[in-house]
Peer 1: 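Sharing a structure, written as structure tokens. Questions coming.
Just so it is clear, the structure is predicted and the values come from calculations on it, not from any experiment. What you see below is based on every heavy atom in this structure, not just the backbone, and it leaves out hydrogens, waters and symmetry mates.
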Amino acid sequence: MKHLYITNDYETSSGNGISTYIRQLIACLSGADITIGMLVFNSEKDVFDIEEIDGIRHFHLPPFQTKSIQDHSRIIDKFLRLYIPDSPDNIFLINYSPCSLLMKMIRTSHPLSKQIYVIHDMAWTLHLFGDVDRYIRILKQKDRKYVVERYAYLLETYREEVEMCRYADRVVCLSEDTYRLLETSYFVGRDKLRLIPNALFERTVLWSEKQKMVFRKEMMLPDDEKILLYVGRMTEQKGFMVCLEAFKEIVKVYPMCRLAVVGSTGNWDFVRKSCYPVLSKIHFTGALSPEEVDKWYQIVDIGLLPSYTEQCSYVGLEMIAHRLPVVASDGFGVRCMFQKQEYVRVAHIGNVNQADSFKDELVMATLSLLHSLDERGKENIDVTCQYKNSLMDKVKNLYLMLFEVI
């Protein structure tokens with residue numbers, strides 16, 4: 001029997017999709033001959049504690065002073081030595097970066113155990129807005145003094161990610177884009193790489209038209225307006241600001257539409273001012289529980305995914321599961337999820353430093369989909385559900401095979 005130990009940073013995972021990944025992975029492994037343990041860092045507990053919840057052992061480590069897993073690797077390793085015996089059946093699933101020091105220590109303290117590094121994000125994508133071509137040019141720049149002076153942080157995180165890949169027995173990529181980058185620029189061998197996209201293993205129950213109308217009435221949403229949905233943090237990297245500018249143009253051509261924004265922001269005053277003069281056409285919900293977010297997926301007409309970069313977006317998967325027409329960017333990772341088809345429009349980002357061009361693409365893509373819905377409705381949209389089911393089966397088999405033969 002395999003013993004899987006999943007790393008989970010309690011303080012940060014809920015805000016970056018890793019908690020969703022862990023929840024879906026546990027659902028994926030339901031019924032498999034695998035015991036699961038959860039290594040919970042920065043937990044709510046004041047002292048180290050072990051408890052069993054729904055058959056899963058949770059090893060709670062109290063909050064670290066700096067919150068960084070890397071900074072407290074030695075403390076973590078001491079607890080692992082005390083409470084988890086080394087075994088060739090052990091698998092440590094590493095969900096965070098930077099984490100090379102902890103992986104190195106586990107390699108020493110648990111030499112028989114295996115380690116899998118799952119790449120949920122890469123440091124360069126945030127700073128370069130997913131411009132992978134520019135990133136590769138930086139890595140290949142021959143004038144090392146210039147690169148070190150200007151891109152010290154990117155080089156430091158590159159070396160850290162390379163080290164993590166070196167210590168890992170397997171590296172799981174969630175997108176083809178990341179797989180290719182690791183192979184060509186991080187020089188990770190194909191024997192170590194695995195491409196396993198995210199998938200949703202929880203059943204999606206679609207509402208009836210009557211249920212949709214009731215909720216729209218509760219939210220005081222006009223019956224004759226098309227609703228566009230944005231879910232996520234209101235940041236530039238997520239494409240929110242360019243999405244907002246695009247919506248201002250969309251409303252001029254198609255006034256009977258509304259933008260619903262589900263998510264949080266650390267700068268509400270700036271966001272509010274940026275919404276002028278269409279603030280009355282935007283519905284902000286704030287951060288919501290998964291159950292509340294589901295209600296919005298049920299009633300909207302079009303999902304928007306304008307991110308400059310994603311690994312494999314759960315927001316995108318939720319839109320597919322709810323049979324929503326989608327307007328997506330062709331950003332790093334996003335382009336691996338969506339290609340243009342009858343109910344999908346892809347907006348080309350182009351130069352990340354020229355947002356106006358991307359904005360125009362979003363406007364054209366969204367208007368095209370709005371007019372298509374007016375003409376044909378959603379009668380064939382259920383084809384996306386077939387994609388969800390086939391992806392779910394594929395991902396489950398890939399994980400079972402990964403854990404079995406590692």
Peer 1: First locate atom OG1 of Thr366, then atom CD of Glu361, and finally report the distance between them rounded to the nearest 0.5 Å.
Peer 2: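 With rounding to 0.5 Å, OG1 (Thr366) is 10.5 Å from CD (Glu361).
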Peer 1: Do Pro98 and Thr157 have side chains that get closer than 4.5 Å, going by heavy atoms?
Peer 2: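 The answer is no; the side chains never approach within 4.5 Å.
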Peer 1: Listing request: all salt bridge (Lys or Arg N to Asp or Glu O under 4.0 Å) pairs with a residue in residues 148-160, at least two apart in sequence or in separate chains.
Peer 2: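 Counting only pairs at least two positions apart or across chains, no salt bridge (Lys or Arg N to Asp or Glu O under 4.0 Å) contact touches residues 148-160.
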Peer 1: Would you call the rings of Phe48 and Phe79 parallel, tilted or perpendicular, taking 30° and 60° as the class edges?
Peer 2: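 Because their plane-to-plane angle is under 30°, the rings of Phe48 and Phe79 count as parallel.
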Peer 1: Above 12 or not: heavy atoms from other molecules or residues under 6.0 Å from NZ of Lys248?
Peer 2: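 Enclosed: over 12 neighbouring heavy atoms sit under 6.0 Å from NZ of Lys248.
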Peer 1: Less than 3.5 Å apart, any donor N or O on the side chain of Asn90 or His110 sitting next to an acceptor on the other?
Peer 2: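 Asn90 vs His110: no donor-acceptor pair found between side chains.
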Peer 1: So, does Glu183 use its side chain to make a donor-acceptor pair with the main chain of Gly189 at under 3.5 Å?
Peer 2: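 No; judged by distance alone, with no hydrogens or angles, the pair does not exist.
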Peer 1: Is there any salt bridge (Lys or Arg N to Asp or Glu O under 4.0 Å) pair reaching into residues 330-339, and which pairs are they, with sequence neighbours excluded?
Peer 2: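 As it turns out, the salt bridge (Lys or Arg N to Asp or Glu O under 4.0 Å) pairs with a partner in residues 330-339, which skip direct neighbours, are Asp177-Arg335.
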Peer 1: Strictly by modelled atom types, are Asp374 and Tyr254 linked by a side-chain donor-acceptor pair under 3.5 Å?
Peer 2: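 A donor-acceptor contact under 3.5 Å links the two side chains.
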Peer 1: To the nearest 0.5 Å, tell me how far Lys192 NZ sits from Ile116 CD1.
Peer 2: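 Atom-to-atom, Lys192:NZ and Ile116:CD1 are 12.0 Å apart.
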Peer 1: Applying side-chain hydrogen bond (donor to acceptor under 3.5 Å, both in side chains), can you list everything that pairs with Gln115, at least two apart in sequence or on another chain?
Peer 2: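 Result, side-chain hydrogen bond (donor to acceptor under 3.5 Å, both in side chains) vs Gln115: none returned.
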Peer 1: Testing the 3.5 Å rule here: is there a donor-acceptor pair between the side chains of Gln298 and Gln211?
Peer 2: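 The criterion, which ignores hydrogens and geometry beyond distance, is not satisfied for Gln211 and Gln298.
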Peer 1: In sequence, state the C-alpha distance, the side-chain angles, and the governing distance for Phe240 and Tyr230, and then conclude on ring pair (Phe, Tyr, Trp, His ring centres under 6.0 Å).
Peer 2: CA-CA 8 Å; Phe240 175 72; Tyr230 172 94; 5.1 Å; yes
Peer 1: Between Thr125 and Asp121, is there a side-chain donor-acceptor contact under 3.5 Å, judged purely by atom types and distance?
Peer 2: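 Checked: Asp121/Thr125 side chains pair up, N/O donor to acceptor below 3.5 Å.
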Peer 1: Report yes or no: does Lys252 contribute a side-chain atom to a donor-acceptor pair with the main-chain N or O of Phe247 at less than 3.5 Å?
Peer 2: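 No.
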Peer 1: Please determine which of Thr309, Asn353, Val352, Ile349 meets the side chain to side chain contact (heavy atoms under 4.5 Å, CB included) test together with Phe129.
Peer 2: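 Testing Phe129 for a side chain to side chain contact (heavy atoms under 4.5 Å, CB included) against Thr309, Asn353, Val352, Ile349 leaves exactly one candidate, Val352.
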Peer 1: Considering only residues two or more places apart or on different chains, which pairs with a residue in residues 395-406 satisfy side-chain hydrogen bond (donor to acceptor under 3.5 Å, both in side chains)?
Peer 2: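 Found Tyr21-Tyr399.
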Peer 1: Report the relative orientation of the aromatic rings in Tyr186 and Tyr135; use parallel for angles under 30°, tilted for 30 to 60°, perpendicular for over 60°.
Peer 2: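 Rings of Tyr186 and Tyr135: tilted, as their planes differ by 30° to 60°.
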Peer 1: How long is the span from the CZ atom in Arg170 to the CD1 atom in Ile94, to the nearest 0.5 Å?
Peer 2: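 Reported value, rounded in 0.5 Å steps: 15.0 Å.
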Peer 1: Could you check Arg107 against Asp169 for salt bridge (Lys or Arg N to Asp or Glu O under 4.0 Å), going step by step and ending with a plain yes or no?
Peer 2: CA-CA 10 Å; Arg107 181 65 64 214; Asp169 295 282; 3.1 Å; yes
Peer 1: Could you work out, with ring-ring contact (aromatic ring centres under 6.0 Å, His included) as the rule, every residue matching Tyr5, not counting sequence neighbours?
Peer 2: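 Residues passing ring-ring contact (aromatic ring centres under 6.0 Å, His included) with Tyr5: Phe92.
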Peer 1: Are any side-chain N or O atoms of Ser307 and backbone N or O atoms of Glu310, one a donor and one an acceptor, separated by less than 3.5 Å?
Peer 2: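 No, Ser307 side chain to Glu310 backbone: no donor-acceptor pair under 3.5 Å.
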Peer 1: Among all residues two or more places apart in sequence or in another chain, which pass the side-chain hydrogen bond (donor to acceptor under 3.5 Å, both in side chains) test with Arg258?
Peer 2: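 So Arg258 forms a side-chain hydrogen bond (donor to acceptor under 3.5 Å, both in side chains) with Glu225.
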Peer 1: Are Met392 and Phe201 side-chain neighbours, meaning at least one heavy-atom pair lies under 4.5 Å?
Peer 2: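 Of all side-chain heavy-atom pairs linking Phe201 with Met392, at least one is under 4.5 Å.
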Peer 1: Please indicate whether Asp269 has more than 12 foreign heavy atoms, meaning atoms of other residues, nucleotides or ligands, lying under 6.0 Å from its CG.
Peer 2: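 For Asp269, atom CG is crowded (more than 12 foreign heavy atoms under 6.0 Å).
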Peer 1: State whether Asp77 and Arg81 are salt-bridged, where the test is any N-O pair (Lys NZ or Arg NE/NH1/NH2 against Asp/Glu carboxylate O) under 4.0 Å.
Peer 2: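 Yes.
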Peer 1: Flag yes if more than 12 heavy atoms outside Gln65 fall under 6.0 Å of its CD atom; otherwise flag no.
Peer 2: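 Count not over threshold, so no.
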Peer 1: Below 4.0 angstrom, N of the basic side chain to O of the carboxylate: do Lys114 and Asp89 qualify?
Peer 2: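 The answer is no: the pair does not qualify as a salt bridge.
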Peer 1: Enter the distance from Cys165:SG to Ile119:CD1 here, rounded to the nearest 0.5 Å.
Peer 2: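 It is 5.0 Å, given to the nearest 0.5 Å.
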Peer 1: Any chance the rings of Phe41 and Tyr96 have centres within less than 6.0 Å?
Peer 2: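 Distance test on ring centres: not under 6.0 Å, no.
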Peer 1: Report the distance from atom CG of Leu370 to atom NZ of Lys226, rounding to the nearest 0.5 Å.
Peer 2: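 It is 7.0 Å, given to the nearest 0.5 Å.
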Peer 1: So how far is it from His58 NE2 to Met38 CE, rounded to the nearest 0.5 Å?
Peer 2: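 His58 NE2 to Met38 CE: 4.5 Å, rounded to 0.5 Å.
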